[in-house]
J.: 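Have a look at this one before I ask anything.
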Amino acid sequence: MKLTLARFYWPAEAIVDPLNFPPVFQSEAGPVSVSIIDIPLTHKSIDELLTPPFHLEKWFHGQGLYLDTLCGVIIDNYYPPDHPDSSKIRRVFSLLAEELDVVPVINKNDLADASQWDHFVEQMSVLHEFNQLLGEALTTHKLIEFHTRYKMQFLAHSQPAYRQLGPLVAKIKHEPSLYEFAHQYRQRFMRLLRYPATVQNHTNVVMHLQGYFRKKVDDEARQQLTALIHQYRLGEASLGGVKATLRTMQSAAPHGWLAQQRYLYPWFIEYDL
C-alpha cells in the first residue's frame, strides 16, 4: 500500500530541505510506504489558484495530481516572513485549508509541533483507510462498518458534526449512487476531523467507553479508571494512559463493538492519537 503526499514549495528555484517524515507507516493491514511529490509553485500557478472562481480539482490536475489519491498537502515556503512574496504563499495555505474539503493541509514548519503533527497524521490515517475502501468493491455494508469503527473518534472532534453524520449514513440504502454517497460522506467526515479534539470531548468519549465495562469488571478496576479519567481531565494524566487502561480492560473482558473502535485501535497502529 502507498500513501501519497504533495509538497508545494515556493519559490520555484528554492533548494528544498528533506522532510523529516517517516518512510513507512505500519497499518492494521500491513506496511504503507510514503511517497512525497515535490511540486514548485510559480507566480503563474499561484495566480491561477487564487483567481476566483476556485476550481481546486482542475488546478490539482494541472499539477499532475488527483485528489482521490492524495492523503495530505504540505506547504513549504523558503521566503522570509517579511518578504513581499510570502503573502502569496500564506494566501495559498489559507485557501487550501479552507476550501480543500478532502485532503488535510499543513505548513512544513508546523510538522515540528507535536499536537499539529498528531492531528495531521490522524487525518491522513483515516483518509488512507477510507481510500482503500474506494479502491475495492465498495458495498453499503463496508461503508456502514467504516462509520461504526470511527464513531468515537469522530465524536472526540465535534459532537455537532458527529450527530449530522449519523442521519446521513442512515439514508445510505436509499442513495442512487453508492460511490457518489461515499465521496459526499468522505467530504463530511474529513471536514469534521479538522476540528481539534478537545479534553472535554475526549473525556465524554472515554466515559462512554467505560460504561461498557459496568458489569464486566470489578469495582476496584472501575474506580481506578474513573480516577484516571478525572486526572486526565485535570491535566494530571495522559490520554494515552486512559486508552491503555481501556485496552487492558477490553483484553480482560472483551466486547465486540469496542474491539472495532479506531479510537482505541487506530489504522496506523503505532500512532495512538
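Computed from a prediction, not measured in an experiment: that's the story for all the values here. Below, all heavy atoms of this structure are taken into account, side chains as well, without hydrogens, waters or symmetry copies.
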J.: Go through the side-chain N and O atoms of His83 and Tyr78 and say whether any donor and acceptor fall under 3.5 Å apart.
T.: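 Distance-only check fails for His83 and Tyr78.
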
J.: For Asn131 and Leu127: C-alpha separation, side-chain torsions, deciding distance, then whether side chain to side chain contact (heavy atoms under 4.5 Å, CB included) applies.
T.: CA-CA 6 Å; Asn131 285 349; Leu127 180 58; 3.7 Å; yes

J.: If I compare all heavy atoms of Phe181 with all of Val169, which pair ends up nearest, and what's the gap?
T.: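 That closest heavy-atom pairing would be CZ-CA, 4.0 Å.
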
J.: Decide if atom CD of Gln200 counts as having more than 12 heavy atoms of other residues, nucleotides or ligands within a radius under 6.0 Å.
T.: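 No.
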
J.: Tell me, do Leu96 and Leu56 make a side-chain contact under 4.5 Å, heavy atoms counted?
T.: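 Result yes, sub-4.5 Å side-chain heavy-atom pair found.
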
J.: Work out which heavy atom in Arg233 is nearest to a heavy atom in Thr203; give both atom names and the distance.
T.: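 That closest heavy-atom pairing would be CD-CG2, 3.8 Å.
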
J.: Would you say that Thr148 contacts Trp257 through its side chain, given a criterion of any heavy-atom pair below 4.5 Å between the two side chains?
T.: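 Side chain of Thr148 against side chain of Trp257, heavy atoms only: contact under 4.5 Å found.
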
J.: For the residue pair Trp59 and Phe8, categorise the inter-ring angle as parallel (less than 30°), tilted (30 to 60°) or perpendicular (more than 60°).
T.: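 Plane angle between 30° and 60°, so tilted.
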
J.: Answer yes or no: is there a side-chain heavy-atom contact under 4.5 Å between Leu111 and Asn109?
T.: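 Leu111 does not reach Asn109 side chain to side chain.
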
J.: For Lys2, I'd like to know if atom NZ has over 12 heavy atoms of other residues, nucleotides or ligands within 6.0 Å.
T.: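 No.
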
J.: Find out whether Ser35 and Leu5 are in side-chain contact, i.e. whether some heavy atom of one side chain is under 4.5 Å from a heavy atom of the other.
T.: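 Heavy-atom side-chain distance check fails, nothing below 4.5 Å.
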
J.: Could you list the donor-acceptor pairs under 3.5 angstrom formed between side-chain atoms of residues 65-75 and any protein atom two or more places apart in sequence or on another chain?
T.:
{"from": "Asp68", "atom 1": "OD1", "to": "Arg186", "atom 2": "NH2", "distance (Å)": "2.5"}
{"from": "Asp68", "atom 1": "OD2", "to": "His183", "atom 2": "NE2", "distance (Å)": "3.3"}
{"from": "Thr69", "atom 1": "OG1", "to": "Tyr66", "atom 2": "O", "distance (Å)": "2.9"}

J.: For the residue pair His157 / Gln153, report whether a side-chain donor-acceptor contact shorter than 3.5 Å exists.
T.: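 There is no such pair between these side chains.
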
J.: Name the orientation class of the two ring planes belonging to Phe154 and His147 (parallel below 30°, tilted from 30 to 60°, perpendicular beyond 60°).
T.: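 Aromatic pair Phe154/His147 classed tilted.
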
J.: Do you know the tightest heavy-atom contact between Leu138 and Ala182?
T.: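 That closest heavy-atom pairing would be CD2-CB, 3.7 Å.
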
J.: Holding to side-chain contact (heavy atoms from CB on, under 4.5 Å), I want the full list of residues that pass it with Pro81, two or more places apart in sequence or in another chain.
T.: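 For Pro81, no residue satisfies side-chain contact (heavy atoms from CB on, under 4.5 Å) once neighbours in sequence are set aside.
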
J.: Below 4.5 Å, heavy atoms only, C-beta onward: do Trp117 and Asp110 meet side chain to side chain?
T.: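 With C-beta onward as the side chain, the pair stays apart.
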
J.: Could you pull out all donor-acceptor pairs under 3.5 Å where a side-chain atom in residues 158-165 meets a protein atom, sequence neighbours excluded?
T.:
{"from": "Ser158", "atom 1": "OG", "to": "Ala161", "atom 2": "N", "distance (Å)": "3.2"}
{"from": "Gln159", "atom 1": "OE1", "to": "Arg163", "atom 2": "NH2", "distance (Å)": "3.0"}
{"from": "Gln159", "atom 1": "NE2", "to": "Asn201", "atom 2": "OD1", "distance (Å)": "3.1"}

J.: Counting heavy atoms not belonging to Glu180, are there more than 12 under 6.0 Å from its CD?
T.: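 Incorrect, the count does not exceed 12.
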
J.: Do Gln116 side-chain atoms and Ala112 backbone N/O form a donor-acceptor pair below 3.5 Å?
T.: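 No, the answer is negative, given that no donor and acceptor are paired below the 3.5 Å cut-off.
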
J.: Looking only at side chains, do Gln261 and Tyr150 share a donor and an acceptor under 3.5 Å apart?
T.: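 Gln261 vs Tyr150: no donor-acceptor pair found between side chains.
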
J.: Would one find more than 12 heavy atoms of other residues, nucleotides or ligands at under 6.0 Å from atom CE of Met207?
T.: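 Count not over threshold, so no.
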
J.: Under the 3.5 angstrom rule, does the side chain of Glu270 hit a backbone N or O of Gln26 as a donor-acceptor pair?
T.: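 Side chain of Glu270 to backbone of Gln26: a pair is present.
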
J.: Are any non-hydrogen side-chain atoms of Tyr263 and Leu155 less than 4.5 angstrom apart?
T.: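 Not in contact.
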
J.: Can you name the residues that form a side-chain contact (heavy atoms from CB on, under 4.5 Å) with Ser115, not counting sequence neighbours?
T.: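 Counting only residues at least two positions away or on another chain, Ser115 forms a side-chain contact (heavy atoms from CB on, under 4.5 Å) with Asp113.
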
J.: Under 4.5 Å between any side-chain heavy atoms of Gln184 and Leu168, yes or no?
T.: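 Gln184 vs Leu168: side chains touch.
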
J.: Salt bridge check: are Asp101 and Arg188 linked by an N-O gap of less than 4.0 Å?
T.: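 Result for this pair is no, no salt bridge flagged.
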
J.: Can you tell me if Asp218 has over 12 outside heavy atoms packed within less than 6.0 Å of its CG?
T.: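 Enclosed.
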
J.: Surrounding CD of Glu236 (heavy atoms of other residues, nucleotides or ligands, distance under 6.0 Å), is the total greater than 12?
T.: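 For Glu236, atom CD is crowded (more than 12 foreign heavy atoms under 6.0 Å).
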
J.: Walk me through it: do Leu100 and Val103 pass the test side chain to side chain contact (heavy atoms under 4.5 Å, CB included)?
T.: CA-CA 6 Å; Leu100 195 58; Val103 182; 3.9 Å; yes

J.: Step through the shown structure and confirm whether more than 12 heavy atoms of other residues, nucleotides or ligands are within 6.0 Å of OH on Tyr195.
T.: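 Count not over threshold, so no.
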
J.: Before you tell me yes or no, could you show the steps for Phe268 and Val126 under side chain to side chain contact (heavy atoms under 4.5 Å, CB included), namely the whole-Å CA-CA distance, both residues' side-chain angles and the distance that decides it to 0.1 Å?
T.: CA-CA 9 Å; Phe268 287 171; Val126 180; over 6 Å; no

J.: Please tell me if the side chains of Tyr79 and Pro11 come closer than 4.5 Å, counting only heavy atoms from C-beta onward.
T.: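 SC-SC contact between Tyr79 and Pro11 confirmed.
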
J.: Salt-bridged, Arg149 to Glu28, with N to O below 4.0 Å?
T.: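 Answer for the salt bridge query: no.
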
J.: Kindly compute the distance separating CD (Glu145) from CG (Leu133), expressed to the nearest 0.5 Å.
T.: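 Spacing of CD (Glu145) from CG (Leu133) equals 9.0 Å.
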
J.: Run the side-chain contact (heavy atoms from CB on, under 4.5 Å) test against Thr42 and tell me which residues pass, sequence neighbours left out.
T.: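 Per chain and number, Thr42 pairs via side-chain contact (heavy atoms from CB on, under 4.5 Å) with Ala12, Lys44, Ser45.
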
J.: Pick out which of Gln132, His128, Glu129 makes a side chain to side chain donor-acceptor pair (under 3.5 Å) with Trp267.
T.: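 Among Gln132, His128, Glu129, the one meeting side chain to side chain donor-acceptor pair (under 3.5 Å) with Trp267 is His128.
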
J.: Ala137 and Lys142: which non-hydrogen atoms are nearest, and at how many Å?
T.: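 In terms of heavy atoms, the two residues are closest at O-NZ, 3.1 Å.
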
J.: Would Ile269 and Ser27 count as a side chain to side chain contact (heavy atoms under 4.5 Å, CB included) if you check the C-alpha gap in whole Å, the side-chain angles of each, and the deciding distance to 0.1 Å?
T.: CA-CA 5 Å; Ile269 57 180; Ser27 80; over 6 Å; no

J.: Please tabulate, for side-chain N and O atoms in residues 244-254, each donor-acceptor pair with protein atoms closer than 3.5 Å (sequence neighbours left out).
T.:
{"from": "Thr245", "atom 1": "OG1", "to": "Gly241", "atom 2": "O", "distance (Å)": "3.0"}
{"from": "Arg247", "atom 1": "NH1", "to": "Leu264", "atom 2": "O", "distance (Å)": "2.7"}
{"from": "Arg247", "atom 1": "NH1", "to": "Asp272", "atom 2": "OD2", "distance (Å)": "3.3"}
{"from": "Arg247", "atom 1": "NH2", "to": "Asp272", "atom 2": "OD2", "distance (Å)": "2.8"}
{"from": "Thr248", "atom 1": "OG1", "to": "Ala244", "atom 2": "O", "distance (Å)": "3.0"}
{"from": "Gln250", "atom 1": "OE1", "to": "His255", "atom 2": "N", "distance (Å)": "3.0"}
{"from": "Gln250", "atom 1": "NE2", "to": "His255", "atom 2": "O", "distance (Å)": "3.0"}
{"from": "Ser251", "atom 1": "OG", "to": "Arg247", "atom 2": "O", "distance (Å)": "3.1"}

J.: Between atom CD1 of Ile89 and atom CG of Asp76, what is the distance when rounded to the nearest 0.5 Å?
T.: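 One gets 8.5 Å once the value is rounded to the nearest 0.5 Å.
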
J.: Can you tell me how the ring of Phe130 sits relative to the ring of Tyr185, calling it parallel under 30°, perpendicular over 60° and tilted otherwise?
T.: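 Phe130 vs Tyr185 ring planes: tilted.
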
J.: Which heavy atom in Glu98 sits nearest to a heavy atom in Arg191, and how many Å separate them?
T.: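 Closest approach of Glu98 to Arg191, heavy atoms only: O-NH2, 3.1 Å.
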
